[in-house]
Amino acid sequence: MRGLWRYLLLTVVALVPLAATAIVGYRVFAPAETLTPARDPYPALRRPSVGVAAELPRTPLIVDGRLRVYVAERQVWADTPVGNRFETTPFWSLRRWPHQVVGIVAAPGPLVVSKWTDGALLAIDARTGAVAWRASSPVGVDRYTGGRTGAATVYEPPDLSTGRAADGRTVVVSAGTDALAVFDATSGAALWRAGVPASCAGVAFTGPGLLARLDTCADPPVLRRYDLATGDQLPDWRPPGAAGGWEITPLGCATGRSECVAARTRSAEGSEQGWLLGRDIRPASALAAPGTWPVGDLAVGPSGGADGAAGELTAWSLRDGTPQWTWRPPQGSVDRSPARIVAVERTAVYLVTEGRTLVVLDPGTGRELGRSPLQRFNRPPPPWTLGHVHARHRYVVIERVRDPVIPGAGERGFYLGSRPVLIAGA
């Protein structure tokens with residue numbers, strides 16, 4: 001009997017560490033969500049200072065002109081102020097395990113809506129860091145694709161977008177491999193859902209009151225359109241006379257493919273045409289040339305209508321195509337190299353010259369509002385070219401890519417140094 005008790009005691013002693021290991025393993029690997037809300041008051045709005053303000057390792061989404069919102073593989077977080085030279089302690093943070101971030105968008109509130117690899121949508125109140133709503137949506141992208149800077153996930157989320165319905169409501173659109181779902185951006189309430197064959201899914205975007213996607217299985221391809229508020233199918237559309245394959249590129253979008261106002265089509269033969277989006281899609285010849293951007297009721301682009309880099313820019317009326325103003329590099333400026341448009345807002349057109357100078361124009365008059373060199377603080381700029389560009393609230397975020405890229409060096413040879421992201425005030 002004594003031997004039996006000794007055996008049992010040794011067995012228990014041996015099992016205790018295993019049980020402890022199992023508990024620790026569960027704590028480490030079990031699904032978890034960690035939300036750290038804001039502890040400080042919501043920051044006041046600050047007027048941007050002209051010139052390079054910050055040099056960062058990651059690309060932020062500028063929200064409400066007060067926060068910089070970043071993503072990593074399993075985290076979304078914000079810091080402030082926008083113009084701070086380096087990153088700061090997170091204002092709020094959301095982390096999920098084992099799911100990964102596949103996209104973020106900003107919505108009125110202000111809210112930051114993130115999508116994850118399990119299809120979950122989480123809307124964070126940007127002012128407090130609290131969860132405003134959550135919803136389940138179709139699963140699409142199955143991994144984080146933002147790279148070291150997060151730019152593709154922040155500025156071009158492949159299956160997450162916002163749109164403005166005809167009644168003025170903002171909605172969130174989440175697409176999956178075989179379906180898409182639309183939610184009210186304020187409450188998270190599900191509005192409608194539609195099946196989308198994955199093999200037929202071409203480019204998709206939102207426009208005034210509608211969601212559009214290119215059905216590549218049709219011959220020739222056709223643009224399927226839906227009412228954003230109800231999901232009612234609107235008349236299909238393709239360019240007049242379209243035959244064979246044709247392509248469409250959304251223009252004038254808020255971010256990524258969200259809330260676009262225009263589009264450019266390219267036929268199989270290579271001819272291009274501009275269009276104004278809406279329930280009735282109207283031709284806009286002023287937008288036909290590559291490198292031309294819609295800004296309000298104007299189209300702004302290279303005067304020669306070439307490839308987006310020219311010595312001067314012209315604005316044309318979207319209504320009748322008549323020229324409205326022309327900008328030329330001013331005499332006496334240090335950098336008079338050709339410039340191209342990299343971003344627009346309602347109040348500004350942003351250019352970057354070949355000499356890496358940021359130039360800001362008034363979209364209504366073409367008057368130059370300011371210019372500043374895009375270089376590291378007190379250091380000459382090494383060779384680089386433009387990656388992603390994002391402009392909001394008179395801040396311009398620029399991702400810098402090595403020129404040339406170092407072959408075989410991975411991300412270290414692709415991005416410019418450890419802090420490849422600039423924020424410039426305009």
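Just so we're clear, the structure is a prediction, and the values are computed from it rather than from any experiment.
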Novice: Any idea which heavy atoms bring Pro363 and Leu298 closest together, and the distance?
Specialist: O-CD1, 3.2 Å
Novice: Taking Leu122's backbone N and O only, do any of them form a donor-acceptor pair with Arg134's side chain (distance below 3.5 Å, no angle check)?
Specialist: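 Checking the backbone N and O of Leu122 against the side chain of Arg134, no donor-acceptor pair under 3.5 Å is found.
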Novice: Would Thr177 and Val139 count as a side chain to side chain contact (heavy atoms under 4.5 Å, CB included) here? Give the steps.
Specialist: CA-CA 7 Å; Thr177 54; Val139 176; over 6 Å; no
Novice: Under 4.0 Å between a side-chain nitrogen and a carboxylate oxygen: does that hold for Asp236 and Arg225?
Specialist: no
Novice: Measure from the side-chain N and O atoms of Arg346 to the backbone N and O of Gly296, and report whether any donor-acceptor pair falls under 3.5 Å.
Specialist: no
Novice: Run the salt-bridge test on Glu33 and Arg74 with the 4.0 Å N-O cut-off and return the result as yes or no.
Specialist: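 Salt bridge flag = no for Arg74 with Glu33.
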Novice: Dump the intermediate steps for side chain to side chain contact (heavy atoms under 4.5 Å, CB included) on Leu191 and Val171, then the final yes or no.
Specialist: CA-CA 9 Å; Leu191 298 179; Val171 303; 3.7 Å; yes
Novice: Between Thr326 and Glu312, is the side chain to side chain donor-acceptor pair (under 3.5 Å) condition met? List the steps.
Specialist: CA-CA 7 Å; Thr326 296; Glu312 61 181 41; 5.3 Å; no
Novice: Taking the side chain from Thr80 and the backbone from Arg66, do they hold a donor-acceptor pair closer than 3.5 Å?
Specialist: yes
Novice: Say you draw a straight line from CD of Gln273 to CZ of Arg264; how long is it, rounded to the nearest 0.5 Å?
Specialist: 10.0 Å
Novice: If I take atom OG from residue Ser174 and atom CG from residue Leu160, how far apart are they, to the nearest 0.5 angstrom?
Specialist: 6.0 Å
Novice: Does any part of the side chain of Val300, heavy atoms only, come nearer than 4.5 Å to the side chain of Thr292, both counted from C-beta?
Specialist: no
Novice: Kindly say whether Glu259 contributes a backbone atom to a donor-acceptor pair with the side chain of Thr206 at under 3.5 angstrom?
Specialist: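 Yes; at least one donor-acceptor contact below 3.5 Å.
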Novice: Should the heavy atoms of other residues, nucleotides or ligands under 6.0 Å from CG of Asp167 be counted, would the total exceed 12?
Specialist: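 More than 12 heavy atoms, drawn from other residues, nucleotides or ligands, come within 6.0 Å of this atom.
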Novice: Evaluate the side-chain proximity of Trp327 to Arg367: yes if any heavy-atom separation is below 4.5 Å, no if none is.
Specialist: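 Of all side-chain heavy-atom pairs linking Trp327 with Arg367, none is under 4.5 Å.
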Novice: Is there a side-chain contact between Leu313 and Leu361 (heavy atoms, below 4.5 Å)?
Specialist: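 Leu313 vs Leu361: side chains touch.
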Novice: Can you name the closest pair of heavy atoms from Arg402 and Gly413 and give their distance?
Specialist: CD-O, 3.2 Å
Novice: So, the side chain of Asp184 versus the backbone of Thr186: is there a donor-acceptor pair under 3.5 Å, distance only?
Specialist: yes
Novice: Quick one, Val63 and Val112 - any side-chain contact, counting heavy atoms below 4.5 Å?
Specialist: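 Yes - at least one pair of side-chain heavy atoms lies under 4.5 Å apart.
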Novice: When you measure from the side chain of Gln100 to the backbone N and O of Arg143, does any donor-acceptor pair fall under 3.5 Å?
Specialist: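 Absent.
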Novice: When you compare the side chain of Val397 with that of Pro60, does any pair of heavy atoms fall below 4.5 Å?
Specialist: yes
Novice: Is there a side chain to side chain donor-acceptor pair (under 3.5 Å) between Glu399 and Thr59 once you walk through the steps?
Specialist: CA-CA 7 Å; Glu399 179 190 47; Thr59 50; 5.5 Å; no
Novice: For Thr89 versus Asp79, what's the shortest heavy-atom pair and its separation?
Specialist: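 So the two residues come closest at O-CB, 4.0 Å.
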Novice: Is the NZ or CZ atom of Arg96 both under 6.0 Å from the centre of the six-membered ring of Trp116 and within 45° of that ring's axis?
Specialist: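 Yes; both conditions hold, so Arg96 lies above the ring face of Trp116.
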Novice: Give the C-alpha distance, both sets of side-chain angles, the deciding distance and a yes or no for side chain to side chain donor-acceptor pair (under 3.5 Å) between Arg224 and Tyr226.
Specialist: CA-CA 7 Å; Arg224 309 288 186 192; Tyr226 307 85; over 6 Å; no
Novice: Do the ring centers of Trp325 and Trp316 come within less than 6.0 Å of each other?
Specialist: no
Novice: Could you go step by step and tell me if Leu277 and Phe205 meet the side chain to side chain contact (heavy atoms under 4.5 Å, CB included) rule?
Specialist: CA-CA 11 Å; Leu277 298 176; Phe205 54 89; 3.6 Å; yes
Novice: Does the side chain of Thr353 come within less than 4.5 Å of Val359's, by heavy atoms?
Specialist: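 A side-chain contact under 4.5 Å exists here.
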Novice: What verdict does the side chain to side chain donor-acceptor pair (under 3.5 Å) test give for Ser93 and Thr36, after you've listed the backbone C-alpha separation in whole Å, the side-chain angles of each residue and the deciding distance to 0.1 Å?
Specialist: CA-CA 5 Å; Ser93 172; Thr36 305; 5.0 Å; no
Novice: Which value, rounded to the nearest 0.5 Å, describes the distance between Leu214 atom CG and Trp246 atom CH2?
Specialist: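 Going from the CG atom of Leu214 to the CH2 atom of Trp246 covers 5.0 Å.
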Novice: Is it true that Arg266 and Glu272 have a side-chain N and a carboxylate O under 4.0 angstrom from each other?
Specialist: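 Yes, Arg266 and Glu272 are salt-bridged.
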Novice: Counting heavy atoms not belonging to Arg336, are there more than 12 under 6.0 Å from its CZ?
Specialist: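 For Arg336, atom CZ is crowded (more than 12 foreign heavy atoms under 6.0 Å).
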Novice: When the ring planes of Tyr42 and Phe91 are compared, do they come out parallel, tilted or perpendicular, using 30° and 60° as the limits?
Specialist: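 It falls in the tilted class, 30° to 60°.
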Novice: Can Arg356 be said to sit on top of Trp384's aromatic six-ring, NZ or CZ under 6.0 Å from centre and within 45° of the ring axis?
Specialist: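 Because its charged atom sits under 6.0 Å from the ring centre and within 45° of the axis, Arg356 does stack over Trp384.
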Novice: Hey, does Tyr144 have a side-chain heavy atom less than 4.5 Å from the side chain of Val71?
Specialist: yes
Novice: Report the relative orientation of the aromatic rings in His388 and Tyr155; use parallel for angles under 30°, tilted for 30 to 60°, perpendicular for over 60°.
Specialist: tilted
Novice: Is the shortest side-chain N to carboxylate O distance from Arg400 to Glu55 below 4.0 Å?
Specialist: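 Looking at Glu55 together with Arg400, the answer is yes, because their closest N to O distance falls below 4.0 Å.
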Novice: Can you tell me if Lys115 uses its side chain to pair, donor with acceptor, with the backbone of Ala175 under 3.5 Å?
Specialist: yes
Novice: Okay, side chain of Ser258, backbone of Ser161: is any donor-acceptor separation there less than 3.5 Å?
Specialist: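 Not a single qualifying donor-acceptor pair exists.
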Novice: Please round to the nearest 0.5 Å and tell me the distance separating atom OG1 of Thr34 and atom CH2 of Trp97.
Specialist: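 Output value for this atom pair is 12.0 Å.
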Novice: How far apart are the closest heavy atoms of Trp293 and Leu287, and which atoms are they?
Specialist: C-CD2, 3.9 Å
Novice: When you check the side-chain N and O atoms of Thr357 and Asp335, is any donor under 3.5 Å from an acceptor?
Specialist: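 Short answer, yes.
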Novice: Would a distance-only check, ignoring hydrogens and angles, find a side-chain to backbone donor-acceptor pair under 3.5 Å from Arg394 to Arg47?
Specialist: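 Not a single qualifying donor-acceptor pair exists.
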Novice: For a 4.5 angstrom cut-off between non-hydrogen side-chain atoms, does Leu223 reach Asp215?
Specialist: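 Side-chain contact under 4.5 Å: no.
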Novice: For the pair His390 (side chain) and Ile62 (backbone), establish whether a donor and an acceptor sit closer than 3.5 Å, ignoring hydrogens and angles.
Specialist: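 Yes; judged by distance alone, with no hydrogens or angles, the pair exists.
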Novice: Just verifying a value: how many Å separate Leu210 CG and Leu234 CG, rounded to the nearest 0.5 Å?
Specialist: 6.5 Å
Novice: Taking all non-hydrogen atoms of both residues, which atom of Pro290 and which atom of Pro302 are closest, and how far apart?
Specialist: O-CD, 4.4 Å
Novice: At their closest point, which heavy atom of Ser114 faces which heavy atom of Leu94, and how far apart are they?
Specialist: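 That would be OG-CD2, 4.2 Å.
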Novice: Taking atom OG1 of Thr153 and atom OH of Tyr70, what is their separation to the nearest 0.5 Å?
Specialist: 15.5 Å
